[in-house]
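Okay, structure first, notes after.
These numbers were taken from a predicted model, which means no experiment stands behind them.
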Amino acid sequence: EEAAAPPPRPVQTAVAPAPPPPPAVTPIKQLMSEYRIDPRIVLLEDQAPDNNDDRIAVLEFFDAFARGDAGDVGGMLPLIDRVELEALESEGEWSETVAGIQEISLQTGQGPFGDKLALAIFEVADGFQPQLWSYTSGSGGAIFEAQPTPPGIIDQLSGDDWIARWIEINEEEMRLANKPDETFEFEPVAIDNTASGGG
């Protein structure tokens with residue numbers, strides 16, 4: 001009698017390893033304690049960046065404002081803004097401005113091209129002063145660049161996403177600025193080509 005055929009060997013399929021978990025994000029409260037951030041800085045978890053590098057950069061930048069440290073602020077500004085800051089400092093306006101800061105409320109998000117943005121609402125003695133910043137962060141440090149501020153912007157911010165609203169208002173201001181002041185309509189003029197004769 002013929003021997004029974006051996007059972008087929010099970011086919012082993014390679015299983016792709018699971019992707020590594022995303023790096024843990026440190027809570028804002030813990031980062032503020034670790035980096036000794038001024039308590040006047042307010043950044044809620046749902047308004048904070050999704051990674052530690054950006055969280056630390058945003059906290060440290062506005063902490064320098066709260067402490068009135070022009071050197072630290074200037075170290076995170078592009079050259080043009082740094083020159084303006086130095087002028088304010090030499091004229092004594094910088095110290096007057098930061099002395100009245102009572103609170104800095106922050107929101108972060110992204111622009112239409114994926115650029116990282118931070119909106120700061122400075123609460124001072126005479127009201128609220130908003131400013132939107134774009135920023136980059138990395139091993140070489142962070143750079144913050146102030147964005148255009150439409151007039152009366154604080155009274156126009158509404159809804160859940162103030163950064164998106166700010167961008168929308170800015171775009172509308174740009175459209176109005178580029179719009180011609182008047183529209184001219186040209187009407188064809190009849191030209192008499194007949195020459196008048198002389199006697």
Side-chain angles (χ1 to χ4, degrees), residues 28 37-38 40-51 53-66 68-70 72-89 91 93-94 96-98 100-138 140-184:
I28 291 297
I37 302 300
D38 192 289
R40 290 173 290 174
I41 304 298
V42 177
L43 178 57
L44 303 180
E45 280 293 331
D46 61 350
Q47 299 286 354
D50 60 1
N51 63 86
D53 286 345
D54 288 350
R55 288 181 169 216
I56 294 168
V58 168
L59 289 173
E60 289 190 326
F61 181 64
F62 293 103
D63 173 69
F65 270 98
D69 192 327
D72 281 357
V73 172
M76 290 184 274
L77 294 177
L79 179 59
I80 295 177
D81 291 344
R82 193 180 313 148
V83 170
E84 292 182 4
L85 173 62
E86 291 171 355
L88 290 175
E89 189 179 15
E91 295 167 3
E93 294 183 26
W94 164 259
E96 291 179 9
T97 301
V98 298
I101 294 176
Q102 299 174 3
E103 185 175 279
I104 305 176
S105 298
L106 303 175
Q107 299 179 16
T108 65
Q110 286 191 337
F113 303 105
D115 43 329
K116 294 182 283 190
L117 301 173
L119 173 60
I121 308 295
F122 293 83
E123 183 180 350
V124 293
D126 57 351
F128 298 91
Q129 301 293 333
Q131 179 60 60
L132 183 66
W133 303 77
S134 64
Y135 69 96
T136 58
S137 66
I143 295 293
F144 286 76
E145 186 171 358
Q147 300 301 298
T149 302
I153 183 68
I154 190 64
D155 298 322
Q156 303 177 65
L157 297 176
S158 59
D160 296 330
D161 192 339
W162 283 17
I163 290 179
R165 178 64 181 142
W166 186 297
I167 294 171
E168 181 183 330
I169 294 168
N170 247 345
E171 291 175 347
E172 180 62 25
E173 290 283 334
M174 289 291 291
R175 282 194 293 269
L176 292 175
N178 294 329
K179 186 178 180 181
D181 293 336
E182 297 181 17
T183 303
F184 296 96

Return yes if some donor-acceptor pair links the side-chain N/O of [X] with the main-chain N/O of [Y] below 3.5 Å, else return no.
X: R82; Y: G74; answer: yes
X: T108; Y: Q47; answer: yes
X: Q156; Y: P151; answer: yes
X: Q131; Y: T149; answer: no
X: D63; Y: D38; answer: yes

**Message:** I need the full list of salt bridge (charged side-chain N to carboxylate O under 4.0 Å, His left out) pairs touching residues 147-163, with sequence neighbours left out, sorted by first then second residue.
**Reply:**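 Qualifying pairs, neighbours excluded: none.
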Nearest heavy-atom pair of [X] and [Y]: which atoms, and what distance?
X: P150; Y: N170; value: CG-OD1, 3.2 Å
X: P130; Y: I153; value: CG-CG2, 3.4 Å
X: A64; Y: V73; value: CB-CG2, 3.5 Å
X: L106; Y: L43; value: O-CD1, 3.6 Å
X: P49; Y: V58; value: CG-CG2, 4.4 Å
X: A66; Y: R40; value: O-NH2, 2.6 Å

**Item:** Modelled atom types, side-chain donor and acceptor of Q147 and S134, under 3.5 Å
**Value:**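 Per modelled atom types, Q147 and S134 side chains form a pair under 3.5 Å.
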**Parallel, tilted or perpendicular, as decided by the 30° and 60° cut-offs, for the rings of F65 and W94** =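 Rings of W94 and F65: tilted, as their planes differ by 30° to 60°.
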**Item:** Aromatic plane relationship, W133 with F144 - under 30° parallel, 30 to 60° tilted, over 60° perpendicular
**Value:**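 Rings of F144 and W133: perpendicular, over 60°.
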Rounded to the nearest 0.5 Å, how far apart are [atom1] of [X] and [atom2] of [Y]?
X: T136; Y: D53; atom1: OG1; atom2: CG; value: 11.5 Å
X: E93; Y: L85; atom1: CD; atom2: CG; value: 11.5 Å
X: L79; Y: E84; atom1: CG; atom2: CD; value: 10.5 Å
X: I154; Y: F122; atom1: CD1; atom2: CZ; value: 11.5 Å
X: Q129; Y: I104; atom1: CD; atom2: CD1; value: 12.0 Å
X: E171; Y: E168; atom1: CD; atom2: CD; value: 8.0 Å

**Message:** Taking atom CD1 as the centre, does I80 end up with more than 12 heavy-atom neighbours from other residues, nucleotides or ligands that are less than 6.0 angstrom away?
**Reply:**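 No, CD1 of I80 has 12 or fewer neighbouring heavy atoms, counting only those of other groups under 6.0 Å.
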Do the non-hydrogen side-chain atoms of [X] and [Y] ever get within less than 4.5 Å of each other?
X: P148; Y: M174; value: no
X: I167; Y: I163; value: yes
X: I28; Y: L44; value: no
X: L117; Y: W166; value: no

**Message:** Quick one, E96 with E91, criterion side chain to side chain contact (heavy atoms under 4.5 Å, CB included). Give me CA distance, side-chain angles, the key distance, then yes/no.
**Reply:** CA-CA 10 Å; E96 291 179 9; E91 295 167 3; over 6 Å; no
**Item:** Test side chain to side chain donor-acceptor pair (under 3.5 Å) applied to Q110 - qualifying residues, sequence neighbours left out
**Value:**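 In terms of side chain to side chain donor-acceptor pair (under 3.5 Å), with neighbours along the sequence ignored, Q110 is linked to no residue.
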